[in-house]
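One structure is given here, and the rest of the page talks about it.
Residue numbers start at 1 and run along the sequence shown. What you see below is based on every heavy atom in this structure, not just the backbone, and it leaves out hydrogens, waters and symmetry mates.
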Amino acid sequence: MIAVLGECIADAFTTRPSASMDGGGRGLELRVLPGGGPANTAVALARLGTPARFLGRLSGDVFGGLFRGHLAASGVDLSGCVEAAEPSTLAIAALDADGRADYTFYAEGAADWQWSRDELTPARVGAAACLHTGSLALVRAPGRAAVEEFARAASAHATISIDPNVRPSLAAKDDYQVARWCSWADILRLSDDDLGFLLPGVSQEHACDTWHEAGARLVVVTRGAAGALVSLDGERIAVPAPEVEVVDTVGAGDSFTAGLLHHLHAGGHLGGRLDGLDLATAAEAAAFAARVAALTCSVPGADPPWATRLATHPDHPG
């Protein structure tokens, strides 16, 4: 099993203008889909066939019901979730011409950031071979300290995967303590945009070496249509991305992370410090992850593929 700790967010996308109810002026229609980086990763893992447990604080509001239905329908184990009294986080997404989303968040006092040490007990992660976390739950107060302490403790018996999933509108650069996280994490997956925010002007190769020195064995930098850079203990290889007609890129990075972890888990590489992993195997996992991400880009929103879809198209993303 792989456990995923973090947020589940209501992603609202603009559809089309509509007349207001009183007939005066024009309104804005929004289509709300379940999202949030960690929740997307858990969904993608379960759809690929890896048992996935989501550790989230799910509100009792209408969005919380949407999240529960979506996660359960994808086969995600919700036994690690907390029934939260606070409201869900809402993100309004504006898509650019390339399908990239720019978010406006409504997150103050939301359920996702209120983790306490009493809630994050060892029983929540169980016997998971890997714990994946990061994103906003690891940087938003007041719960971030409890999340980090929990993940650090889990590293004693599980592989730890981190995705910073940078959101500058909700957290400052200093909140992303990536080097400190790498002291107890084994896998770091981030986008080139994340890297540009965290270490502006630093080459991808130098950034990888910085985080290797801090402790992470495997660093993967995803580069959109240009594929990914895979770095294992300083050995590196570039992995291309499949060509795909992009609808939007929402959830693509989360799906990549899920594909990477799924492939490593299937090969028996999770559950420790990646001691048996070599660069060729890491590159195979990243190539598989790129296919999963490409399929996610071919549909609206964070809607990762099921394993049957990858089996139908073994050589092409869609």
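- Side chain of T281 to backbone of L277: no donor-acceptor contact under 3.5 angstrom is found.
- For the residue pair E7 / S135, a side-chain donor-acceptor distance below 3.5 Å is found, with atom types taken as modelled.
- A donor-acceptor pair under 3.5 Å links the side-chain atoms of W113 to the main chain of A107, judged by distance alone.
- Linking Ile, Leu, Val, Met, Phe, Trp and Tyr residues whenever their side-chain heavy atoms come within less than 4.5 Å places L198 and W184 in a single cluster.
- In this structure, the side chain of S203 engages the main chain of H206 through a donor-acceptor pair within 3.5 Å.
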Exercise for the section: Determine, step by step, whether V250 and D303 satisfy the side-chain contact (heavy atoms from CB on, under 4.5 Å) criterion, reporting the C-alpha distance in whole Å, the side-chain angles of both residues, the deciding distance to 0.1 Å, and the verdict. Expected result: CA-CA 9 Å; V250 177; D303 188 11; over 6 Å; no
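- Of the possible polar contacts, one joining the Y176 side chain to the R167 backbone as a donor-acceptor pair under 3.5 Å is found.
- Interatomic distance, L120 CG to W115 CH2, rounded to the nearest 0.5 Å: 5.0 Å.
- Looking only at atom types and distance, the side chain of S59 has a donor-acceptor partner in the side chain of D61 under 3.5 Å away.
- Pairing each heavy atom of A39 with each of C8, the nearest pair is CB-SG, 3.5 Å.
- Partner I187 forms a side-chain contact (heavy atoms from CB on, under 4.5 Å) with one of V220, I162, D163, L264 and no other, that one being L264.
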Practice task
Starting from the C-alpha separation in whole Å, work towards a yes-or-no answer on side-chain contact (heavy atoms from CB on, under 4.5 Å) for F63 and V32.
Solution key: CA-CA 9 Å; F63 296 134; V32 178; 3.8 Å; yes
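- In summary, E119 and R124 do not engage in a salt bridge, as defined by a charged side-chain N under 4.0 Å from a carboxylate O.
- Considering all non-hydrogen atoms of both residues, G259 and L48 come closest at CA-CD1, 3.9 Å.
- In this structure, the separation between CZ on R236 and SG on C208 is 5.5 Å, given to the nearest 0.5 Å.
- Linking ILVMFWY side-chain heavy atoms closer than 4.5 Å, directly or via other members, places L45 and V299 in two distinct hydrophobic clusters.
- A145 and R117 get closest at one heavy-atom pair: CB-NH2, 4.1 Å.
- Rounded to the nearest 0.5 angstrom, C182 SG and I160 CD1 are separated by 12.0 Å.
- Of the possible donor and acceptor atoms, none in the side chain of T50 sits under 3.5 Å from a partner among the backbone N and O of A46.
- Atoms CZ and CG, on F105 and L136 in that order, are 6.0 Å from each other to the nearest 0.5 Å.
- For the 3.5 Å distance criterion, the side chains of D194 and S191 qualify, holding a donor opposite an acceptor.
- The structure places OG of S74 at 5.0 Å from NE2 of H70, a figure rounded to the nearest 0.5 Å.
- In this structure, R68 contributes its side chain and L78 its backbone to no donor-acceptor pair below 3.5 Å.
- Closest of all the heavy-atom pairs between R291 and L310 is NH2-O, 3.3 Å.
- Residues L199 and V139 share a single hydrophobic cluster, defined by chaining ILVMFWY side chains whose heavy atoms lie under 4.5 Å apart.
- For the 3.5 Å distance criterion, the side chains of D112 and T89 qualify, holding a donor opposite an acceptor.
- Remark: E284 CD to F288 CZ distance equals 12.0 Å, nearest 0.5 Å.
- Salt-bridge formation is not detected for the pair D193/R223: no Lys NZ or Arg NE/NH1/NH2 atom is positioned less than 4.0 Å from an Asp or Glu carboxylate oxygen.
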Exercise for the section: Begin from the C-alpha positions of L218 and S231 and carry the test side-chain contact (heavy atoms from CB on, under 4.5 Å) through to its verdict. Expected result: CA-CA 6 Å; L218 177 62; S231 184; over 6 Å; no
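- Under the 3.5 Å distance criterion, with hydrogens and angles disregarded, no donor-acceptor pair is assigned to the side chains of H132 and T257.
- Using modelled atom types, one side-chain atom of T159 and one backbone atom of G272 make a donor-acceptor pair closer than 3.5 Å.
- Of the possible polar contacts, one joining the R57 side chain to the A111 backbone as a donor-acceptor pair under 3.5 Å is found.
- Taking the charged nitrogens against the carboxylate oxygens, E149 and R144 have no contact shorter than 4.0 Å, which rules out a salt bridge.
- With salt bridges taken as basic N to acidic carboxylate O contacts below 4.0 Å, none links R217 and D186.
- A continuous path of Ile, Leu, Val, Met, Phe, Trp and Tyr side chains, each step under 4.5 Å between heavy atoms, connects L30 with F67, placing both in one hydrophobic cluster.
- In summary, the side chains of T222 and R189 do present a donor paired with an acceptor at a separation below 3.5 Å, with no hydrogens or angles considered.
- When the shell of 6.0 Å around CD of E235 is examined, it contains 12 or fewer heavy atoms from other residues, nucleotides or ligands.
- In summary, R180 and E148 engage in a salt bridge, as defined by a charged side-chain N under 4.0 Å from a carboxylate O.
- Between the S183 side chain and the A179 main chain, no donor and acceptor come within less than 3.5 Å of each other.
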